[in-house]
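First the structure, in the form of structure tokens, and then the observations on it.
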Amino acid sequence: MTGDTHYDLEILAELAEGLLDAATAMRVREHLAICDPCGESLADLAAVREVLAATPTPAMPMGVALRIDRALAAEADSFRGGGVGLVEAPAWDDIMRDAPWETSSPAEPAPWETAPPEGPAPGEGARA
């Protein structure tokens, strides 16, 4: 508790995540039953959790993945002969060579970025 009047956010977050032991969790719940500010803080934590859960996780940048793979391969090389045999890192340069975020020159525009052709759509003739 902070100042013997309210629980801090860390304790409230641990309660929300089920990380407190049974006795501490019971004391915090008893306090929440009579303390509106702590209840509001717990509700705010729940709202933050929902927002974070709904936020899409971005993909790891390919450059970072390459550095990790190279570091792991170098570490595996240092253990060769006495350690566990590890599979070589994927050839990411070959696998992802056409990835749009890895190219320095602009790629061809996507079909939806180009203007539609003039005239009737393919397969549609002029009707008489």
Side-chain angles (χ1 to χ4, degrees):
M1 291 176 101
T2 59
D4 291 337
T5 56
H6 300 290
Y7 282 97
D8 59 23
L9 290 175
E10 184 176 349
I11 296 292
L12 294 174
E14 289 174 354
L15 174 72
E17 295 297 320
L19 301 175
L20 297 177
D21 61 82
T24 304
M26 185 174 68
R27 281 196 311 273
V28 174
R29 284 190 187 99
E30 288 171 352
H31 176 80
L32 286 169
I34 60 170
C35 181
D36 289 338
C38 286
E40 290 171 5
S41 293
L42 184 62
D44 290 344
L45 286 172
V48 168
R49 183 178 185 190
E50 287 179 21
V51 168
L52 290 175
T55 302
T57 305
M60 181 183 299
M62 190 51 57
V64 173
L66 288 170
R67 287 196 315 256
I68 291 171
D69 285 340
R70 288 180 184 133
L72 290 172
E75 188 71 15
D77 285 343
S78 71
F79 286 108
R80 296 239 193 259
V84 177
L86 299 175
V87 176
E88 286 188 30
W92 288 112
D93 291 331
D94 295 332
I95 295 170
M96 299 303 292
R97 118 179 110 244
D98 298 324
W101 56 84
E102 292 294 318
T103 59
S104 57
S105 61
E108 291 183 24
W112 57 86
E113 294 174 335
T114 59
E118 297 294 324
E124 290 183 12
R127 294 185 184 172

Worksheet item: Could you state the interatomic distance from CD1 (Ile11) to OG (Ser41), rounded to the nearest 0.5 Å?
Response: 13.0 Å
Practice prompt. Show your reasoning for whether side chain to side chain contact (heavy atoms under 4.5 Å, CB included) applies to Arg27 and Thr24.
Written response: CA-CA 5 Å; Arg27 281 196 311 273; Thr24 304; 3.4 Å; yes
So, for [X] and [Y], which heavy atoms are closest and what is the spacing to 0.1 Å?
X     : Y     : value
Ala25 : Leu15 : CB-CD1, 3.9 Å
Leu42 : Leu12 : CD1-O, 3.6 Å
Met60 : Ile68 : SD-CD1, 4.0 Å

Discussion item. Given Glu14, which partner from the list Leu19, Leu9, Val28 fulfils the side-chain contact (heavy atoms from CB on, under 4.5 Å) test?
Written reply: Leu19
Worksheet entry | Cluster overlap Tyr7 with Ile34, hydrophobic side-chain contacts below 4.5 Å | no
Worksheet entry | Note, Leu52 side chain near Arg49 side chain (heavy atom, < 4.5 Å) | no
